Amino acid sequence: MSTSLWRNRAGTRRAAGPLTEGAGRAGFTARGVLYLLVGMLALQFAFGDGRRQADQGGALAEVAEQPFGAVLLWALGAGLCGMALWRLSEALFGAAGPDGRTGKKRLSSAARAVFYAFVAYSVLSFAAGARGSGSGSSDGRSRDVTARVLELPGGQWFMGVAGVAVACVGVVMGVRAVARRYRKHLRLGQIPPQTRRLVDTAGVVGGAARGLVFAAAGVFALRAAVEYEPDQAKGMDDTLRSFTETTMGPWLLVGVAIGLVLFGVFSFAMARWRRL
């Protein structure tokens, strides 16, 4: 790479720094709100109130009913757009940290940018009035997508691989949370000691709960592929409800729901103290 080209890219990254940093912090805040609401909805179901689905659709419907709900929905969508923009900047210019410019890190950031762009689109579509796009059942969408994939040549194998991949992602999420790998991204010196303990609790418990949900969803997708049965695939709501079918009854769901609430709190901490 020529010196002038390198300088141009470095200058572009510095100029975009404040913008992408603000976008990233807004994105973590929006993510925190969604996980906080999903966790609270899951808790309501565990204690007998199943009027809302414990997924993104249920969370958006809950927001829409609040005072200034429309404004809040647009703010959530804008925040998630910010998250997608920040992840895209990481893919293009590299992330913070010594390994931030590696190909593996850039590819991971690009995949996350696509994911958050999709989530932001669904939230903004819901805010604009296309309620089916953002508030539709995650379970129904999962079954529809699974059915389409299984109809493709080699779809059963593809679905199986996807299920294993999602389950592995969930396991990695949980392991990284328990190992407190998130600490390397935080400005720990700026966090008061008592608050740091709260952040650690939210990061470990919340991250483990989030990883468990992803791992379980991956297992259900794999089961749908093996049995060639789309109805075995589950979105977040059905995945959470399935925890009540274990020997622990609703108490496992209560624990996971509390974990998701804590992950929302952890996301707020990341919005405040993460290195971006």
Side-chain angles (χ1 to χ4, degrees), residues 1-35 56 73-128 133-134 145 158 161-162 165-166 168-173 175-177 179-190 203 206-207 210-211 214 263-264 266-276:
M1 181 184 294
S2 67
T3 302
S4 60
L5 181 58
W6 183 87
R7 287 176 178 172
N8 287 337
R9 289 190 176 182
T12 301
R13 183 180 180 184
R14 285 195 298 271
L19 173 63
T20 56
E21 180 176 341
R25 298 197 189 284
F28 278 111
T29 302
R31 187 184 76 174
V33 171
L34 288 178
Y35 270 98
Q56 176 184 302
L73 287 172
W74 284 106
L76 278 177
L80 292 167
C81 285
M83 179 71 91
L85 175 63
W86 170 61
R87 288 299 187 183
L88 179 61
S89 74
E90 285 191 327
L92 294 176
F93 306 116
D99 62 341
R101 297 187 181 182
T102 61
K104 178 181 178 181
K105 184 65 177 179
R106 289 176 185 266
L107 183 61
S108 174
S109 295
R112 292 179 182 183
V114 172
F115 171 77
Y116 281 110
F118 174 78
V119 177
Y121 172 78
S122 66
V123 173
L124 290 173
S125 297
F126 180 86
S133 60
V145 170
F158 182 82
V161 170
V166 172
C168 289
V169 167
V171 171
V172 170
M173 283 179 176
V175 170
R176 288 172 65 90
R180 303 185 183 186
R181 295 286 297 276
Y182 56 82
R183 279 190 157 203
K184 67 180 181 180
H185 298 299
L186 290 170
R187 297 188 178 98
L188 292 174
Q190 297 181 9
R210 182 187 184 217
F214 270 79
F263 188 77
F266 176 71
S267 295
F268 297 147
M270 294 289 275
R272 175 66 178 84
W273 289 295
R274 196 188 197 281
R275 293 189 181 93
L276 298 177

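Just so it is clear, the structure is predicted and the values come from calculations on it, not from any experiment.
- Atom CE of residue M83 and atom OG1 of residue T29 lie 8.5 Å apart, to the nearest 0.5 angstrom.
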query = Please walk me through it: do Y116 and W86 pass ring-ring contact (aromatic ring centres under 6.0 Å, His included)?
reply = CA-CA 10 Å; Y116 281 110; W86 170 61; 8.8 Å; no
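- Remark: side-chain polar atoms of S109 are paired, donor with acceptor, to backbone N or O of K105 under 3.5 angstrom.
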query = Please walk me through it: do T20 and E90 pass side chain to side chain contact (heavy atoms under 4.5 Å, CB included)?
reply = CA-CA 9 Å; T20 56; E90 285 191 327; over 6 Å; no
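- Side-chain contact between F118 and L80 is absent, with no heavy-atom pair separated by less than 4.5 Å.
- Between the side chain of R25 and the main chain of R274, a donor-acceptor pair closer than 3.5 Å is present.
- Contact check for L76 versus V33: side-chain heavy atoms found under the 4.5 Å cut-off.
- Between R181 and H185, the closest heavy-atom pair is O-CD2, 4.3 Å.
- Not a single donor-acceptor pair under 3.5 Å links the side chain of R87 to the backbone N or O of A110.
- Listed here is the closest heavy atom pair of R101 and R106: O-NE, 3.2 Å.
- For the pair L124 and C81, the minimum side-chain heavy-atom distance is below 4.5 Å.
- When all heavy atoms of G203 and A177 are compared, the closest pair comes out as O-CB, 3.6 Å.
- Counting all heavy atoms, side chain and backbone alike, S267 lies closest to G32 at CB-CA, 3.5 Å.
- Summarising the geometry, atom CZ belonging to R275 is positioned 12.0 Å from atom CD belonging to E21; distances are rounded to the nearest 0.5 Å.
- For F266 and Y182, the ring centers sit closer than 6.0 Å to each other.
- Counting heavy atoms from C-beta on, the side chains of F263 and R31 come closer than 4.5 Å.
- If you take CE on M270 and CG on L186, they are separated by 5.5 Å, rounding to the nearest 0.5 Å.
- F126 and L73 make their closest contact through CE2-CD1, 3.4 Å (heavy atoms, listed as atom of the first residue, atom of the second, distance).
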